[in-house]
Amino acid sequence: MKKVLWVFAAVLVVLLLTSCELFQAPPLLKTVTLDGSLSDWGNYVYTDGATDSRWGANNEIHKAGILFDATNLYIAGEFTKEGYNNFMVIVDLSGVTGAQDTTKHPWGRKYKFEKGDVDFVLETWGDGYGAWRFTSAEATSVQVTLASTETSDGHKVVEIAVPLNKLGVTDPNKLSVKAVFVLDPVNL
C-alpha cells in the first residue's frame with residue numbers, strides 16, 4: 001500500500017510541476033520568414049472581401065495578418081492600390097503606453113482606437129514604408145525590415161518585422177495585439 005501511495009504522490013508531483021510550467025508563460029506565436037510570400041503564415045493571415053474598398057476596385061486589401069514571436073512583431077499584407085493610397089496598419093500593444101490618437105503623425109493622420117491606445121503605425125507605398133512608435137509625447141520613426149513582391153495578377157505583397165524592444169515591449173510572454181488594416185489616401 002505504501003508503494004502505491006508513493007507512486008501516486010510522485011505522479012501527482014510531476015503533474016503539478018508540469019502544469020505550473022505550462023501556466024507560467026503563454027506560448028508565443030510562430031516566426032515567419034520575410035521573403036514576400038505569405039505561404040508560411042497559415043491561419044494567421046486573413047482574406048478580406050474582394051470588393052469592399054471605398055476607393056474602388058483598384059484599391060483593395062486582399063489579405064492581412066499580424067503575429068509575433070519572442071523578438072519581433074510581424075505584419076503581412078496583400079493589396080492593390082492606385083494613385084496616392086497606401087497600405088496602413090495601426091497597432092495597439094498590451095502593456096505599452098501609447099498615444100490617445102495619431103495627431104502627432106508626421107503626415108497629419110488622425111486615427112484612434114475606440115478602446116486602447118495607438119502604439120505603432122506602419123504605412124507602405126511602392127517599395128518604401130514609414131513606421132512610427134507613438135507615445136503620449138511624440139511619434140518617432142522606427143526602423144523595420146521589409147520584404148515585398150508582386151503577384152502575377154498585380155497584387156503587392158509585403159511582410160514586415162518590427163523588433164519588439166523598439167516598441168517598448170519588455171515581456172513578449174504577456175503581449176497581446178490589436179490592429180486595424182486600411183488603405184488610406186495620402187494627403188497632398
Side-chain angles (χ1 to χ4, degrees), residues 28-29 31-36 38 41 44-46 48 53-55 59-149 156-172 174-188:
L28 296 172
L29 295 179
T31 300
V32 295
T33 302
L34 293 184
D35 56 6
L38 306 183
W41 281 72
Y44 296 107
V45 68
Y46 301 93
D48 187 45
S53 174
R54 175 182 177 182
W55 309 111
N59 291 286
E60 188 71 54
I61 295 175
H62 302 282
K63 294 180 181 179
I66 191 163
L67 56 90
F68 62 92
D69 62 15
T71 57
N72 290 303
L73 176 72
Y74 299 99
I75 297 171
E78 180 178 326
F79 55 93
T80 52
K81 66 166 222 68
E82 69 180 0
Y84 296 106
N85 286 339
N86 65 47
F87 177 71
M88 184 173 184
V89 184
I90 305 164
V91 179
D92 178 15
L93 304 164
S94 64
V96 175
T97 303
Q100 183 177 9
D101 57 33
T102 62
T103 55
K104 292 180 177 43
H105 187 285
W107 298 342
R109 305 275 190 249
K110 294 186 175 139
Y111 296 105
K112 68 179 185 175
F113 283 104
E114 187 173 311
K115 294 180 182 178
D117 59 12
V118 176
D119 299 306
F120 179 70
V121 171
L122 171 83
E123 295 177 278
T124 69
W125 58 92
D127 291 325
Y129 68 88
W132 298 271
R133 178 181 178 200
F134 282 78
T135 66
S136 59
E138 63 186 349
T140 55
S141 181
V142 175
Q143 281 295 116
V144 304
T145 303
L146 170 72
S148 65
T149 59
K156 181 79 166 179
V157 178
V158 295
E159 289 183 294
I160 295 97
V162 187
L164 291 175
N165 63 353
K166 301 278 185 197
L167 300 174
V169 175
T170 56
D171 187 355
K174 296 179 182 176
L175 182 62
S176 64
V177 178
K178 283 192 301 189
V180 175
F181 297 81
V182 296
L183 276 178
D184 183 52
V186 175
N187 297 333
L188 298 176

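Numbers here simply count residues along the sequence, with the first being 1. Just so we're clear, the structure is a prediction, and the values are computed from it rather than from any experiment.
Contact detail for T135 and A99: the closest heavy-atom pair is O-CB, 3.3 Å. Nearest heavy-atom pair across A147 and G36 is CB-N, 3.6 Å. Heavy atoms only, all atoms of each residue included: S176 and S94 are closest at N-OG, 2.8 Å. Taking all atoms of both residues into account, the shortest heavy-atom contact from A70 to P172 is O-CG, 3.4 Å.
One distance of note links CG of L73 with CZ of F120; it measures 7.0 Å at 0.5 Å rounding. Rounding to the nearest 0.5 Å gives a distance of 7.5 Å between CG of L38 and OG1 of T149. The structure places CD1 of I160 at 5.0 Å from CG of L122, a figure rounded to the nearest 0.5 Å. To the nearest 0.5 Å, atoms OG1 (T71) and NZ (K166) are separated by 12.5 Å. The OH atom of Y46 lies 15.0 Å from the CD1 atom of I61; values are rounded to the nearest 0.5 Å. Put simply, CE on M88 and CG on L183 are 11.0 Å apart, with the number rounded to the nearest 0.5 Å.
Relative to the six-membered ring of F87, K156 misses at least one condition, a distance below 6.0 Å or an angle of at most 45° to the axis.
At a threshold of 4.5 Å between non-hydrogen side-chain atoms, the residues D92 and K115 do not count as touching. Looking at Y74 and L34, their side chains come closer than 4.5 Å, going by heavy atoms from C-beta outward. Contact check for T102 versus F134: side-chain heavy atoms found under the 4.5 Å cut-off. For the pair L67 and W41, the minimum side-chain heavy-atom distance is below 4.5 Å. Contact of the F68 side chain with the V169 side chain is not registered, since no non-hydrogen atoms from C-beta on lie closer than 4.5 Å. The side-chain heavy atoms of V118 and H105, taken from C-beta on, include no pair separated by under 4.5 Å.
The environment of Q143 atom CD is sparse: at most 12 non-hydrogen atoms of other residues, nucleotides or ligands sit within 6.0 angstrom. Within 6.0 Å of atom NZ in K63, 12 or fewer heavy atoms from other residues, nucleotides or ligands are found, so the atom counts as exposed in its surroundings.
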Intermediate values then yes/no, side-chain contact (heavy atoms from CB on, under 4.5 Å), F79 and T124: CA-CA 11 Å; F79 55 93; T124 69; 3.5 Å; yes
Between N59 and K81, is the side-chain contact (heavy atoms from CB on, under 4.5 Å) condition met? List the steps. CA-CA 4 Å; N59 291 286; K81 66 166 222 68; 3.6 Å; yes
For I75 and Y129, what are the C-alpha separation, side-chain angles and deciding distance, and is it a side-chain contact (heavy atoms from CB on, under 4.5 Å)? CA-CA 12 Å; I75 297 171; Y129 68 88; over 6 Å; no
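No donor-acceptor distance shorter than 3.5 angstrom exists from the side chain of D69 to the backbone of T31, with no hydrogens or angles considered. In this structure a side-chain-to-backbone donor-acceptor pair under 3.5 Å is present from D119 to L93. Not one N or O on the side chain of E78 forms a donor-acceptor pair closer than 3.5 Å with the backbone of V157. When atom types are taken as modelled, the side chain of E159 and the backbone of D35 share a donor-acceptor pair closer than 3.5 angstrom. The closest donor-acceptor contact from the side chain of D101 to the backbone of K110 lies at 3.5 Å or more, if one exists at all.
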